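No experiment lies behind these values; they were computed from the predicted model shown. Positions are given from 1 along the sequence.
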Amino acid sequence: MMPKPTAEEVEAARWSVVVENDLGIYAYDMGSLDFALDKNDQYDRNIVNVLVKTVFTNKDVLKKLKQDYAEKLEGKEKVLYCKMDMQYKMKEKTYTVKTMQVFTNKDRQIDEKKNKNKFAPIPEKSFAEALYEVCQKFVADVEAYERAAQEQVAQEANKK
């Protein structure tokens, strides 16, 4: 029998690292990949939502964030990471950060910024491009699953 995972272990298991660079470690919540809903509450197969977490590792960035958020930090708290609700328009190869939340090393949210959903081209060799590839795989997997399900339904109908 396996011991029940701790809350920290469950949280860590949600995230899959996409890129590590000189700013930090970028990971996405594997359960957050989903198609956006349109005005009629129908899934828009062209727009993929994904939740991203960036853990800052760059000392200069961390120092700047500490200065920027000094009045919001308590005691020896430090800015540690941010979460971003991102959205990709797959056919257009564009993306936007819908919201960004900044957190301390005590998991306390100290800031939230909302974007006007302006989509921008995905920069080459960037974290956004690596995540776009994850979204492409998500779309392909959904389409493959749906084709397999339709084939199974057709086969069962032919047996009757």
Side-chain angles (χ1 to χ4, degrees), residues 5-58 61-62 64-65 68-69 72 79-157:
T6 65
E8 292 84 14
E9 291 169 333
V10 170
E11 174 66 12
R14 284 177 46 192
W15 303 96
S16 179
V17 173
V18 180
V19 171
E20 290 185 45
N21 64 21
D22 58 342
L23 292 178
I25 302 166
Y26 296 81
Y28 72 98
D29 179 341
M30 294 178 286
S32 72
L33 285 164
D34 199 7
F35 293 110
L37 293 173
D38 65 16
K39 293 174 182 130
N40 301 321
D41 281 341
Q42 300 295 314
Y43 288 108
D44 183 335
R45 296 305 192 92
N46 186 44
I47 302 177
V48 176
N49 295 320
V50 61
L51 178 63
V52 177
K53 182 177 187 177
T54 304
V55 179
F56 302 108
T57 57
N58 181 293
V61 170
L62 288 167
K64 171 105 171 77
L65 289 168
D68 292 350
Y69 290 105
K72 294 184 178 184
V79 175
L80 182 61
Y81 67 94
C82 71
K83 287 183 180 176
M84 298 176 283
D85 288 311
M86 296 181 69
Q87 207 169 55
Y88 284 84
K89 285 188 178 178
M90 302 305 292
K91 291 175 188 152
E92 295 86 347
K93 293 186 178 176
T94 59
Y95 79 108
T96 188
V97 177
K98 293 174 64 172
T99 61
M100 183 179 82
Q101 302 160 308
V102 179
F103 292 85
T104 70
N105 57 327
K106 306 239 191 249
D107 282 331
R108 191 171 65 84
Q109 182 178 324
I110 56 171
D111 194 12
E112 181 174 22
K113 295 178 175 149
K114 294 184 186 257
N115 192 350
K116 301 273 190 271
N117 291 341
K118 291 182 183 169
F119 284 80
I122 298 168
E124 283 188 29
K125 296 183 171 71
S126 67
F127 148 73
E129 183 181 56
L131 192 59
Y132 176 74
E133 292 170 7
V134 169
C135 293
Q136 284 179 310
K137 183 176 178 346
F138 166 74
V139 171
D141 289 350
V142 168
E143 289 171 353
Y145 173 81
E146 288 175 345
R147 277 193 305 276
Q150 288 171 349
E151 287 171 13
Q152 186 175 1
V153 167
Q155 286 174 356
E156 289 175 12

## Note on the structure
Contacts satisfying salt bridge (Lys or Arg N to Asp or Glu O under 4.0 Å) that involve residues 116-131 (not counting sequence neighbours) are none
### Query
Who are the ring-ring contact (aromatic ring centres under 6.0 Å, His included) partners of Phe35, not counting sequence neighbours?
Phe138
### Task
Would you please name every residue forming a salt bridge (charged side-chain N to carboxylate O under 4.0 Å, His left out) with Lys98, sequence neighbours left out?
none
### Task
For Pro121, check side chain to side chain contact (heavy atoms under 4.5 Å, CB included) against everything at least two apart and list the hits.
none
### Under the ring-ring contact (aromatic ring centres under 6.0 Å, His included) test, residues paired with Tyr28 that sit two or more places apart
none
Under 3.5 Å, side-chain donor or acceptor atoms of residues 146-153 against the rest of the protein: list the pairs with distances, not counting sequence neighbours.
| from | atom 1 | to | atom 2 | distance (Å) |
| --- | --- | --- | --- | --- |
| Glu146 | OE1 | Arg45 | NH1 | 3.3 |
| Glu146 | OE1 | Arg45 | NH2 | 3.1 |
| Glu146 | OE2 | Arg45 | NH2 | 2.4 |
| Gln152 | NE2 | Glu156 | OE2 | 3.4 |

### Message
Under the rule for salt bridge (charged side-chain N to carboxylate O under 4.0 Å, His left out), what residues qualify as partners of Asp68, not counting sequence neighbours?
### Response
Lys64
### Asp34: partners by side chain to side chain contact (heavy atoms under 4.5 Å, CB included), with sequence neighbours left out
Tyr43
### Query
Got a sec, which residues hit side chain to side chain contact (heavy atoms under 4.5 Å, CB included) with Gln101, two or more places apart in sequence or on another chain?
Lys83, Phe103, Gln109, Glu112
### Summary
The salt bridge (charged side-chain N to carboxylate O under 4.0 Å, His left out) partners of Lys89 (sequence neighbours excluded) come to none
### Query
Looking at Val55, Val52, Leu51, which hits side chain to side chain contact (heavy atoms under 4.5 Å, CB included) with Trp15?
Leu51
### With Thr57, the side chain to side chain contact (heavy atoms under 4.5 Å, CB included) member among Ile25, Leu23, Asn21, Asp22
Ile25
### Query
In chain order, what residues pass the side chain to side chain contact (heavy atoms under 4.5 Å, CB included) check against Leu62, with sequence neighbours excluded?
Phe56
### Query
Under the salt bridge (charged side-chain N to carboxylate O under 4.0 Å, His left out) test, which residues partner Lys137, sequence neighbours left out?
Asp141
